[in-house]
There are 2 protein chains.
Amino acid sequence: MSKAHWKTEPAKLLRVNEGFQLRDIDPDSTPGFKGSKSDGEKALGQGLDELADLQERLFAQSRSGSAEDAVLLVIQGMDTAGKGGIVRHVVGAVDPQGVSIASFKKPTKQELLHDFLWRIEKQLPEHGALGVFDRSHYEDVLIGKVRQLAPPAEIERRYGAINNFEKRVIATGTRVVKVMLHISKGEQKWRLQERLERPDKYWKYNPGDVDERLLWADYQAAYQTMLERTSTDIAPWYVVPANEKWYARLAVQELLLGVLKDVNPQWPAADFDIEAEKRRLAAS
Amino acid sequence: MSKAHWKTEPAKLLRVNEGFQLRDIDPDSTPGFKGSKSDGEKALGQGLDELADLQERLFAQSRSGSAEDAVLLVIQGMDTAGKGGIVRHVVGAVDPQGVSIASFKKPTKQELLHDFLWRIEKQLPEHGALGVFDRSHYEDVLIGKVRQLAPPAEIERRYGAINNFEKRVIATGTRVVKVMLHISKGEQKWRLQERLERPDKYWKYNPGDVDERLLWADYQAAYQTMLERTSTDIAPWYVVPANEKWYARLAVQELLLGVLKDVNPQWPAADFDIEAEKRRLAAS
């Protein structure tokens, strides 16, 4: 943690615990951070090197065959919440060789012929990797619920299935960091308007975004239920106020740094005789 | 091209044409660049934004369903030639969402039960993506030849198979940029020594690297044949002097910039009624 700027770790402040109410979270707020926007941007820059260093150690372990840990960042949020910005500005700082990014869109016909976790399983990061899910299995209890894409009993089944799935993933070495980027309805309107004003942003706009927006309250309710049912001790949710993009990026960076420091990956030891290799090399 | 610093485009100077001799290339040289190392590093930084912008346009096309082009960077070179550094410092500048990196190691048992191009095909970048091959199908005519991993007639067959494969890939929209990072035997010794001196570099060292190093001349001959047989009009090889890492990175960046400018990806047009959407959004 960049102690200079944080009063309290975001991991503590943003964590979804018993009794959490999404409606109590102010999307404009910047919990725990005591500096200005420019302080925040500076802190983000400082943290990038630390993140890149920790990730390189993790990646090194995968190359030397000693990796036993992976990190998976799950990013959820309403349209325009800033998921792509997290990938670009936080994850983008580390060596792309050690990163695997999966972006989950509307399921294909083939994917629909399987359980909803089938396509997720295939995209899990290997040990040594930093995986990122831009949307995830949680869509199946969000749009899946709001749009009634599955019967209520199936939606209900999924909360438990997700918890069991994550329990197994975590037991076999993957740290799961689940982040909901929380924006306000007004902020979304502003961001969608911008996409309609700028020809270099049209590609980010989809008329379906307004269709979903019209169901804002239903989505907030589905998020609330999801948070209640799937924020577990081993895989808690973090709700990150995201109207201020700089804060959301910085907070997610801190969450990742916290997990990576806890993993504490070490440079792999030499699995060869260093002095003998020096002699062989000198003679070559 | 950053005209301020290049006398002649690296695409012209580094291209492998009829009569090319690898032994004539000085790995210490910096063809076409008229500045110092610090000028080079500055130019790299300047080019990164341009690269990121062009790549975002390409990626935008994939998101809007209008992508018809992909770019594939194939990186070859002796151990320590700087392949990872290209990925990190050149490719690392662009949005990781639009990048797919494949690192080809020793083939698995399953891969060996297929033609050598089977595993390659599966890793081709989709339209809209920037793909990177860290090593590639060319290993099968390099270590494959030097180590006699296949009979001579099979090695011979592969040059033609590769050219046909690349012809098809290119015909269906993928620009292929093939780069050999060319270091000297002395520079390799220096870089391997460093890996044996620093505990944070041990993981990059493999005793097998010295085994291959002992066959340096055989590898250079295999590269020469590869360059002669597979540098085609549609998919030429570029031999990049790489003793100076800053030069190699800058030259590869210029090659990528050249190809992307030629693709000239445009922001996708809106496939919806902008004014109607503005009204819907305003009412939402």
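Chain letters run A, B, ... following the sequence lines, proteins first and then strands; every chain starts at 1. Just so it is clear, the values below take in all heavy atoms, side chains as well, and ignore hydrogens, waters and symmetry mates.
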Visitor: To the nearest 0.5 Å, what is the distance between CD1 (B/I101) and CG (A/D95)?
Guide: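 Answer for the CD1-CG pair, B/I101 versus A/D95, is 7.0 Å.
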
Visitor: Would you mind checking if B/R280 and A/D209 are paired as a salt bridge, meaning a charged N to carboxylate O distance below 4.0 Å?
Guide: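 Judged by the 4.0 Å cut-off on N to carboxylate O distance, A/D209 and B/R280 do not form a salt bridge.
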
Visitor: Kindly indicate, with the supporting measurements, whether the criterion side chain to side chain contact (heavy atoms under 4.5 Å, CB included) is fulfilled by A/E212 and B/S284.
Guide: CA-CA 10 Å; A/E212 303 313 308; B/S284 71; over 6 Å; no

Visitor: Can you measure from CZ (A/R57) to CG (B/D200) and round to the nearest 0.5 angstrom?
Guide: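 That separation rounds to 7.5 Å.
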
Visitor: Taking every non-hydrogen pair under 4.5 Å, which of B/E197, B/K201, B/K185 racks up the most with chain A?
Guide: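 Heavy-atom pair counts peak at B/E197.
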
Visitor: With a 6.0 Å cut-off (strictly less than), is the heavy-atom count around NZ of B/K42, excluding the residue itself, greater than 12?
Guide: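 Atom NZ in B/K42 is not packed in, count stays at 12 or less.
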
Visitor: With a 4.0 Å cut-off on N to O distance, would you call B/E277 and A/R195 a salt bridge?
Guide: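 Salt bridge flag = no for A/R195 with B/E277.
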
Visitor: For the NZ atom on A/K106, are there more than 12 heavy atoms of other groups (residues, nucleotides or ligands in this structure) within a distance under 6.0 Å?
Guide: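 Counting other residues, nucleotides and ligands, NZ of A/K106 stays at 12 neighbours or fewer.
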
Visitor: I'd like to check B/L281 versus A/R213 (side-chain heavy atoms, cut-off strictly below 4.5 Å). Are they in contact?
Guide: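 B/L281 vs A/R213: side chains touch.
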
Visitor: Please state whether the side chain, the backbone, both or neither of A/V99 comes within less than 4.5 Å of a heavy atom of chain B.
Guide: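 Nothing of A/V99, per the 4.5 Å heavy-atom cut-off to chain B.
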
Visitor: Any side-chain heavy atom of B/S103 sitting closer than 4.5 Å to one from A/R63?
Guide: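 The answer is yes; the side chains approach within 4.5 Å.
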
Visitor: I need the B/S64 OG to A/Y202 OH distance, nearest 0.5 Å.
Guide: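 Here the rounded value is 13.5 Å.
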
Visitor: Can you say whether the rings of B/F59 and A/W203 are parallel (under 30°), tilted (30 to 60°) or perpendicular (over 60°)?
Guide: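 Judged by the thresholds at 30° and 60°, the geometry between B/F59 and A/W203 is perpendicular.
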
Visitor: Between B/D53 and chain A, which part of the residue has a heavy atom less than 4.5 Å away: side chain, backbone, both or neither?
Guide: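 For B/D53, no heavy atom lies under 4.5 Å from chain A.
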
Visitor: Counting only heavy atoms not in A/W118 (residues, nucleotides, ligands), do more than 12 fall under 6.0 Å from its CH2?
Guide: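 Yes, CH2 of A/W118 has more than 12 neighbouring heavy atoms, counting only those of other groups under 6.0 Å.
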
Visitor: Of the backbone (N, CA, C, O) and the side chain (C-beta and beyond), which part of B/A93 lies under 4.5 Å from a heavy atom of chain A, both, or neither?
Guide: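 Neither part.
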
Visitor: Looking at chain B, which one of A/D211, A/L214, A/V94 has the largest number of heavy-atom pairs inside 4.5 Å, strictly under?
Guide: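 The residue among A/D211, A/L214, A/V94 with the greatest pair count is A/D211.
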
Visitor: Side chains of B/R88 and A/E56: closer than 4.5 Å at any heavy-atom pair?
Guide: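 They are in side-chain contact.
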
Visitor: Only pairs of heavy atoms separated by less than 4.5 Å count here; which of B/E275, B/Q61, B/K105, B/H89 has the most with chain A?
Guide: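 The residue among B/E275, B/Q61, B/K105, B/H89 with the greatest pair count is B/K105.
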
Visitor: Between B/A270, B/P268, B/P207, which has the largest tally of heavy atom pairs under 4.5 Å with chain A?
Guide: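 So the answer, after comparing B/A270, B/P268, B/P207, is B/P207.
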
Visitor: Can you tell me which of B/V210, B/D271, B/D273, B/V91 forms the most heavy-atom pairs within a distance under 4.5 Å of chain A?
Guide: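 When all of B/V210, B/D271, B/D273, B/V91 are compared, B/V210 has the most.
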
Visitor: Against chain B, work out which of A/G84, A/S100, A/A269 has the most heavy-atom pairs shorter than 4.5 Å and name it.
Guide: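 Looking at each of A/G84, A/S100, A/A269 in turn, A/G84 comes out on top.
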
Visitor: Top residue by heavy-atom pair count (under 4.5 Å) with chain A, among B/P96, B/A276, B/A60, B/G65?
Guide: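 Between B/P96, B/A276, B/A60, B/G65, the count favours B/A60.
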
